[in-house]
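Everything below concerns the one structure shown next.
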Amino acid sequence: MLTTRFLREFYNRLDKGSLPEKARRSKVSLLKLPSNRPDIVSLFESMTPYFDSGVQPSKELLDLKMTEGVYVLLNTDQSLYASLFDFADPWKPDILEFMERNYMNDLTPGEIANYTGRSLATFKRDFRKVSDLSPQKWLIRRRLEAAREQILSGNRKVTEVCFDVGFKNLSHFSRTYKTMFGCSPSTVSEPRAEPPDKQI
């Protein structure tokens with residue numbers, strides 16, 4: 001909804017003297033809005049009647065709510081000034097960098113595509129340029145590698161590690177872990193040699 005045209009119009013109305021001079025793009029790829037802040041709660045609650053009734057809000061109302069939404073974002077993190085009002089060529093976050101930072105999150109390929117500024121088709125095409133694995137297999141492999149590091153440290157329970165790295169099912173985690181590393185994650189001591197190169 002926050003199109004370049006809308007953001008340009010919003011930017012043109014801003015007092016340029018009030019813009020934060022030190023705003024820089026954050027390296028954080030995914031920003032979670034606080035759920036208990038009054039302005040955020042008010043914004044979403046004010047739209048609830050339209051979703052519940054099925055009434056199409058007017059363009060004027062949508063513009064008003066999007067303007068309110070931009071202020072919510074700017075009040076959440078000043079680095080978003082640098083992201084929202086960069087009108088150069090469309091910015092596309094690096095796919096592998098984004099996935100490296102978010103591999104433990106439960107994101108669909110469509111969501112990853114959206115968060116990295118791509119359509120799903122473009123995301124799949126770009127991903128093939130950087131990995132021989134599918135996005136799903138890359139995520140599984142990365143989660144298993146992270147799990148192995150934590151297990152070998154000896155400070156974490158297998159169940160904790162399983163869910164922390166993004167798996168939702170302990171038996172599936174154990175099965176894929178054994179396939180990749182040749183031993184169960186519950187094994188007290190594991191061989192330190194390089195894991196066999198097996199397809200997950």
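Keep in mind that what you see is a predicted model, and the values were worked out from it rather than measured.
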Between [atom1] on residue [X] and [atom2] on residue [Y], distance to nearest 0.5 Å:
{"X": "Ile140", "Y": "Ser134", "atom1": "CD1", "atom2": "OG", "value": "7.5 Å"}
{"X": "Lys178", "Y": "Cys183", "atom1": "NZ", "atom2": "SG", "value": "9.0 Å"}
{"X": "Arg125", "Y": "Leu120", "atom1": "CZ", "atom2": "CG", "value": "11.5 Å"}
{"X": "Gln78", "Y": "Ser83", "atom1": "CD", "atom2": "OG", "value": "12.5 Å"}
{"X": "Tyr81", "Y": "Tyr11", "atom1": "OH", "atom2": "OH", "value": "11.0 Å"}
{"X": "Asp106", "Y": "Phe167", "atom1": "CG", "atom2": "CZ", "value": "12.0 Å"}

Check whether more than 12 heavy atoms from other residues, nucleotides or ligands sit under 6.0 Å from atom OH of Tyr50, and answer yes or no.
->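 Not buried by this count: 12 neighbours or fewer within 6.0 Å.
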
Might you confirm whether atom CG of Asn12 has over 12 heavy atoms from other residues, nucleotides or ligands at distances under 6.0 Å?
->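 Yes, the 6.0 Å shell around CG holds more than 12 heavy atoms from other groups.
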
Intermediate values then yes/no, side chain to side chain contact (heavy atoms under 4.5 Å, CB included), Leu170 and Val158 = CA-CA 9 Å; Leu170 184 58; Val158 171; 4.3 Å; yes

Work out which heavy atom in [X] is nearest to a heavy atom in [Y]; give both atom names and the distance.
{"X": "Cys162", "Y": "Val165", "answer": "O-CG2, 3.4 Å"}
{"X": "Phe127", "Y": "Ile95", "answer": "CD1-CG2, 3.5 Å"}
{"X": "Ser119", "Y": "Ala113", "answer": "O-CB, 3.7 Å"}

Do [X] and [Y] come close enough that some side-chain heavy atom pair is under 4.5 Å?
{"X": "Ser35", "Y": "Ile40", "result": "no"}
{"X": "Met104", "Y": "Arg142", "result": "no"}
{"X": "Gln56", "Y": "Leu62", "result": "yes"}
{"X": "Leu73", "Y": "Leu33", "result": "yes"}
{"X": "Val70", "Y": "Met66", "result": "no"}
{"X": "Thr159", "Y": "Phe173", "result": "no"}
{"X": "Leu96", "Y": "Trp138", "result": "yes"}
{"X": "Phe85", "Y": "Leu14", "result": "yes"}

For Phe6 and Thr67, what are the C-alpha separation, side-chain angles and deciding distance, and is it a side chain to side chain contact (heavy atoms under 4.5 Å, CB included)?
-> CA-CA 9 Å; Phe6 177 83; Thr67 298; 3.6 Å; yes

Taking the six-membered ring for Trp and the single ring otherwise, decide whether the centroids of Phe98 and Tyr103 are under 6.0 Å apart.
->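 Not under 6.0 Å, so no.
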
Presence of salt bridge, Glu68 and Lys65, under 4.0 angstrom |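 Glu68 and Lys65: salt-bridged.
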
When you measure from the side chain of [X] to the backbone of [Y], do you find a donor-acceptor pair of N or O atoms at a distance under 3.5 Å?
{"X": "Glu149", "Y": "Ala146", "result": "no"}
{"X": "Asn75", "Y": "Tyr71", "result": "yes"}
{"X": "Ser42", "Y": "Pro38", "result": "no"}
{"X": "Ser153", "Y": "Gln150", "result": "yes"}
{"X": "Arg118", "Y": "Thr116", "result": "yes"}
{"X": "Asn105", "Y": "Leu107", "result": "no"}

Test side chain to side chain contact (heavy atoms under 4.5 Å, CB included) on Ile151 and Tyr177 and set out the steps.
-> CA-CA 11 Å; Ile151 290 171; Tyr177 187 99; 4.0 Å; yes

Applying the 4.5 Å side-chain criterion to the ILVMFWY set and letting contacts propagate, would Val72 and Val41 be lumped into a single cluster?
->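 Val72 and Val41: separate clusters.
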
Going hydrophobic residue to hydrophobic residue with side-chain gaps under 4.5 angstrom, can you get from Val130 over to Leu139?
->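 Yes, because Val130 and Leu139 connect within a single hydrophobic cluster, where side-chain heavy atoms sit under 4.5 Å apart.
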
Do Arg37 and Thr76 get their side chains close enough for a donor-acceptor pair, meaning under 3.5 Å?
->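 A pair is found: one side chain offers a donor N or O, the other an acceptor, under 3.5 Å apart.
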
If we ignore angles and hydrogens, is there a donor and acceptor under 3.5 Å between the side chains of Thr176 and Thr179?
->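 No - no donor-acceptor pair under 3.5 Å links their side chains.
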
Stepwise side chain to side chain contact (heavy atoms under 4.5 Å, CB included) test for Leu80 and Leu31 | CA-CA 10 Å; Leu80 290 176; Leu31 178 66; 3.5 Å; yes

Could Arg148 and Phe181 be counted as a cation-pi pair, given that NZ or CZ must be under 6.0 Å from the ring centre and within 45° of the axis?
->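 Cation-pi check for Arg148 and Phe181: passes.
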
